[in-house]
Amino acid sequence: MPLSDNPYLAHMKAKKGGKASNAPAQAIRKPILWPPRRVNAKQVRKAMEHDLNPFNDKPHTPQYKKLLARRKQLPIYAQMDEFYKMASITRFTENQILVLEGETGSGKSTQIPQLVCYSDLPHTRGKLIACTQPRSVVATTIAKRVADEMDVQLGEHVGYSVQFEDMTSPGTTFLTYITDEMLLREAMGDPRLTRYSTIILDEAHERSLATDILMALLKDLARKRSDLKIVIMCAPFDTVKFQTFFATSEEIDMNEGGLPHAPLFKIRGRMHPVEVFYSQDSEPDYLEAAIQTVLMIHQEESEGDVLLFLTDEDEIERACHEINLRASDVMPSYASVDRVTCIPLYPSLTPPQLLKIFDPVPTRRSRDSRSRKVVISTNIAETSLAIYNIVYVVDPGISMRTTYNPRIRVHAHLATPISKASAQQRASCAARNRPGKCFRLYREDDLNFEFEEHTPPKIFECNLATTVLQLLKLGVKDLVQFNYDPPPPESLMRALELLKNLGALDDDGNLTRLGAMMVEFPLDPQLTKALIVSPKFNCNNEVLTVVAMLSVSDVWFRPPRKPKEAKEAKARLTIPNGDHLTMLNAYNMYIQNKEDKNWAWQHCLSARALAQAENIRAHLERLMDRFEIELVSSQDMRTFYDNVRKALCCGFFMQVAHREGNSNNYVTVKDNQVVGLHPSCGLNNQPEWVLFNEFILTTRPYIRTVTDVRPEWLLEYAPAYFDLSTFTDGETKQALQRVIIKRAGKSGVQTGSKVGRREKKKRRKN
DNA sequence: GAGCACTGC
């Protein structure tokens, strides 16, 4: 090891300029350090108790001591010896990759990265430790917490990096919490991820798309970079699969015959026990059963808050209403329990509404009793939000889940039975503070024999177009073998087909120049294509706005009990030829009325979503600038909207539907699926040809965010896709045929019109 | 006539 790598020597050198007489006193106060990756738990404990912070040489604040006392309560603190033994350099070759399992609440996300810092000493050698998270809110909140615990400023030594917010200081930051998507993007620019000495993948069991890709990437990278340490952190299930996947060649050699595996470190949980109850029979009406169970808990059980899992907004609001109504008839058996307070929890709530779940329930001063809080939530409470003081969980065993059918390219969005792992996760919400109870509204046999083991990983259930583009950019040739779990072949085929049609791939499946440009945009490939071609139509200012608006969740909100007002407000901004154009209009009006703080609210628009769209738009604008794409707008109001529609055709020609006769139904081009316009659609008539942003299956198949387009545009901008010989016989093909004939008639001088007439005659005969 | 949860320079 080079001398300069020894932090202790580094301190000695730094002292040189000081007065000799001061030196002894200072030397005592210096934290004692060690060469990187040669530390043991005893040394770390000593360093933690030291007056000086080893990471910035400043004296610790009183706050540090307080937090440290709390950290010592965590189970991982007692397991430090074991941890460093496994992670130390003495067994480095075997342990380049470590799998680490721990329950939620074991402190693994906050403590393990800190322990790795004490070992790696990244600050002494210009390296970084990354801890990935699937969600940005979690990344930012943990980073804040860890900065406090390490007694350093957030954004300096400890930081985070999420979309639109880079809270790190290059050269100073040595620990960063980063979303898995961001780290994946970084890998596209630097495949060796050279900045990092250790990469920790947290929540690996969630199997987000980016985590899956990163796992395959890191396994490969481990062979090329022997100095890189990798820690895979997950909940305590399915760990053997991680261990097997990450077995290094040494482990494979050592384990001849046996199953090779990467070492596993288990954090002992500190979970309280949960008593689980099952329904005797299947519940025909789970909502009613859930309401009755909550009321039963309120009546029979001692003090403690309740968490009920339901599927969507409507259901949650209904349950809140019913429970509030019927709870007044309940006389709780325990004197310490008073009324119930229902709190709905779903993501479209405003931040102040969301924060209500953390409010303590009101107490009545006159009596020594408190109201019982009943949180009624979607799946958001299962993974993204930890609610404290929950003692009772009511689990109907279902959740909304999106699956993707690549054959007809539809996203199904349906209430589905949860997995065993999910049921376990829900039950454990009852045991954060003290022993709890979980009421499962299904039979034990259903759980054992009907429920899947795990919720399927995202890579099985989503459109892979963006992922394929990213993998090709990363230089991965074999898309099937590369992954942690191979993606469904049909899904891959459809992704490749789309990318080829858009011109992102050549015939050999290599990335084209256009494709290479597309990877850089944080958008679906169809949207990027529309954006990149938009200067041709003099409208990239407009397409930029449309794309930004499509990137945020719904900008329109529906105030409960005022559906009429919401509808009228939307109608005032609606452009009748298309929802894309309505979005453009809404955004432009928002910008025009920015002075008026009430404008968004008066038009039933979410100010938060609009601000986010503005932010995304600015980001995309900078990206366009980087590729030297000029920003242009057409001043001619007659062609203004048509140009936008034409540009959209260039990206979305595979997402077009044709009206069936005079019915309300549309049929998707080539996939031939019968679909309806989504009720949110603002088209005033039923145009013959429409382009859509999404095809979703909920109560029935819908196309959502729809715009009227002319078939001539489709033929002109996507001639290969709209080649008639690639269509099956049917109304759509006939309609296209008519357009082709009409066009020929217009452009051809004499013969064309003759053909037209002849064709018309033929049709009349049929 | 209607909406799980996330994310991206």
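Below, each value reflects all heavy atoms present in this structure, side chains not excepted, and no hydrogens, waters or symmetry copies. Chain naming here is simple, since letters A, B, ... match the order of the sequence lines and numbering starts at 1 in each.
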Residue whose nearest DNA chain B nucleotide is more 5′ - A:Asp524 or A:Tyr346: A:Tyr346

When all nucleic acid strands are considered with a 4.0 Å heavy-atom cut-off, which category describes A:Ser208: base, sugar-phosphate, or nothing? nothing

Among B:dG3, B:dC4, B:dG8, the one nearest any side-chain atom of A:Thr699 is B:dG3

Would you mind reading off the distance between A:Ile696 atom CD1 and B:dG3 atom C1', rounded to a whole angstrom? 8 Å

Distance check needed: B:dG3 C1' versus A:His411 NE2, whole Å only. 15 Å

Please report the distance, rounded to the nearest Å, between CG in A:Leu310 and P in B:dG3. 16 Å

Side chain to side chain contact (heavy atoms under 4.5 Å, CB included) against A:Leu514, all qualifying residues, sequence neighbours excluded: A:Thr512, A:Met518, A:Lys529, A:Ile532

Identify whether any heavy atom of A:Leu414 sits under 4.0 Å from a base atom; if not, whether one sits that close to sugar-phosphate; answer base, sugar-phosphate or nothing. nothing

Whole Å only: how far is the OH atom of A:Tyr404 from the C1' atom of B:dC4? 19 Å

OP1 or OP2 of B:dT7 under 4.0 Å from side-chain N/O of A:Ser136: yes

Give the nucleotide from the list B:dG8, B:dA2, B:dC6 with an atom nearest to the side chain of A:Arg135. B:dC6

Interatomic distance where CD1 belongs to A:Ile459 and P belongs to B:dT7 [whole Å]: 19 Å

A:Glu186 and A:Arg195 ion-paired at < 4.0 Å: yes

List for me each residue that meets salt bridge (charged side-chain N to carboxylate O under 4.0 Å, His left out) alongside A:Lys473, sequence neighbours excluded, and say none if there are none. A:Glu520

How is A:Arg622 classified with respect to the nucleic acid when contacts are heavy atoms under 4.0 Å: base, sugar-phosphate, or nothing? nothing

Residue of the set A:Glu203, A:Glu181, A:Glu206 for which salt bridge (charged side-chain N to carboxylate O under 4.0 Å, His left out) holds with A:Arg135: A:Glu206

May I ask you to say what A:Asp312 touches in the nucleic acid, namely base, sugar-phosphate or nothing, with a heavy-atom cut-off under 4.0 Å? sugar-phosphate

Between A:His413 and A:Thr179, just flag the one whose closest nucleotide in DNA chain B comes earlier from the 5' side. A:His413

Is A:Glu313 touching bases, backbone alone, or none of the nucleic acid, heavy atoms closer than 4.0 Å? sugar-phosphate

Out of A:Thr179, A:Ile213, A:Thr467, which residue meets the side-chain contact (heavy atoms from CB on, under 4.5 Å) rule with A:Leu184? A:Ile213

Within the structure shown, what part of the strands sits under 4.0 Å from A:Val137 by heavy-atom distance: base, sugar-phosphate, or nothing? sugar-phosphate

Contact under 4.0 Å: A:Thr698 side-chain N or O vs B:dG3 OP1/OP2: yes

Taking atom P of B:dG8 as reference, at what distance in whole Å does atom CD of A:Gln612 sit? 10 Å

A:Thr402 side-chain proximity, nearest of B:dA2, B:dC4, B:dG8: B:dC4

Could you check whether A:Thr176 and A:Thr173, counting side-chain N and O atoms only, form a donor-acceptor pair closer than 3.5 Å? no

Is the distance from OP1 or OP2 of B:dA2 to the nearest side-chain N or O of A:Tyr702 less than 4.0 Å? yes

Please report, rounded to the nearest Å, how far the P atom of B:dG3 is from the CD1 atom of A:Ile380. 18 Å

Phosphate-side-chain proximity, A:Thr311 and B:dC4, N/O vs OP1/OP2 below 4.0 Å: no

Could you tell me the separation between the CD atom of A:Glu694 and the P atom of B:dC4, rounded to a whole number of Å? 13 Å

Polar pair under 3.5 Å, donor/acceptor by atom type, side chain A:Asp554, base B:dG3: yes

